[in-house]
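A short write-up of the structure that comes next.
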Amino acid sequence: MHSEDLRSVIERSTAYFQPIVDLNTGQVLGVETLVRFVDAEGAVRGPGGVIEQIEENIDDLEALMRCLFREVSAKAAWLLDKHKDFYISINVPPLILGSRRLKQALDEFHLDRYIDRLVCEITERQALTDAGREALAIARPLGLRIAIDDFGTGQSGLKQLIGLPLDILKIDKSEIDPLLKDPTADRLLRGIVALAGAMRVKVIAEGVETREQAFFLRAAGVDAGQGWLWSKAVPPDELEQLILSEFSEPRAAGPS
């Protein structure tokens with residue numbers, strides 16, 4: 001795709017939001033911001049196949065991040081005023097997280113006043129690179145909260161994250177899927193939860209699809225979940241209803 005076409009695609013980007021749910025209470029604690037692209041006919045599609053091209057150029061990447069911050073400011077920031085302790089997370093790659101561009105975007109779109117309720121997500125692989133560690137060290141003094149995304153895909157082990165300025169650990173769906181079938185996965189999960197607790201880091205399970213998974217995760221001490229069990233990513237105009245729904249707490253499945 002030519003750079004002019006790619007920039008046009010970026011300018012048509014929008015934000016959808018997926019809820020993050022407290023496993024003990026069913027309360028929606030926050031939402032993750034997910035990029036979507038709107039084509040010329042108005043159809044909305046996911047980022048696959050496009051995001052990889054955008055990430056190759058820091059100017060394109062900055063343009064996309066600015067669009068997402070603009071969307072959050074215009075269509076979701078009011079929720080931070082209305083709902084106490086509610087937060088919004090957004091994936092911010094190290095190239096942006098560790099540069100002045102992040103602070104400039106936060107200030108420009110008036111998100112700096114919500115700084116303590118914004119969570120920047122960085123993947124496990126990114127966080128453990130030199131660039132990732134440097135970016136975290138630069139971003140932390142701004143007052144942002146930091147989440148490690150896709151934990152379990154980098155084969156690093158939680159101990160390698162010790163010393164990083166973290167608030168939240170998001171366990172990847174690939175670590176959740178085998179839980180009900182593989183005792184080893186169960187032991188690994190409980191080990192992650194125990195060490196995260198010692199680090200005073202909250203644990204969120206991604207890709208939760210069944211009540212059985214949610215019940216298991218809750219029993220293991222996981223704090224919150226995110227996945228299709230509760231909701232797919234939704235457009236901004238559906239957010240308020242989603243937040244007010246307060247999903248029932250997970251219970252063990254009874255006889256069918």
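These figures come from a predicted structure and were not determined experimentally.
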- Query: Do side-chain atoms of Asp167 reach the backbone of Ile146 as a donor and acceptor pair under 3.5 angstrom?
  - Reply: yes

- Could you tell me the separation between the CG atom of Leu6 and the CG atom of Asp59, rounded to the nearest 0.5 Å? 11.5 Å

- Task: Go through the steps for Glu206 and Lys173 under the test salt bridge (Lys or Arg N to Asp or Glu O under 4.0 Å), then give the verdict.
- Result: CA-CA 5 Å; Glu206 296 184 289; Lys173 184 180 187 299; over 6 Å; no

- Query: Taking atom types as modelled, is there a side-chain donor on Ser8 or Arg12 under 3.5 Å from an acceptor on the other?
  - Reply: yes

- Spacing of Ile162 atom CD1 and Leu195 atom CG [to the nearest 0.5 Å]: 5.0 Å

- Task: Mind checking the CD1-CG spacing from Ile10 to Leu64? Nearest 0.5 Å is all I need.
- Result: 6.0 Å

- Do Arg187 and Thr184 have side-chain N/O donor and acceptor atoms under 3.5 Å apart? yes

- Message: Between Glu71 and Thr14, is there a side-chain donor-acceptor contact under 3.5 Å, judged purely by atom types and distance?
- Response: yes

- Message: I'd like to check the salt bridge (charged side-chain N to carboxylate O under 4.0 Å, His left out) partners of Asp112; sequence neighbours left out, ordered by chain and number.
- Response: none

- For Gln126 and Asp149, test the side chains for any donor-to-acceptor distance below 3.5 angstrom and give the result as yes or no. no

- Note on the structure: Residues Arg36 and Pro47: closest non-hydrogen pair is NH1-CD, 3.9 Å

- Without swapping roles, check the side chain of Glu209 against the backbone of Gly227 for a donor-acceptor pair under 3.5 Å. no

- Arg145 charged N/C atom sitting above Tyr87 aromatic ring, 6.0 Å / 45°: yes

- Query: Is it true that Asp107 and Arg100 make a salt bridge, defined as a side-chain N closer than 4.0 Å to a carboxylate O?
  - Reply: no

- Residue among Val203, Ile204, Leu179, Asp223 satisfying side chain to side chain contact (heavy atoms under 4.5 Å, CB included) with Leu217: Leu179

- Message: Can a side-chain donor-acceptor contact be found between His83 and Gln27 if the only test is distance below 3.5 angstrom?
- Response: no

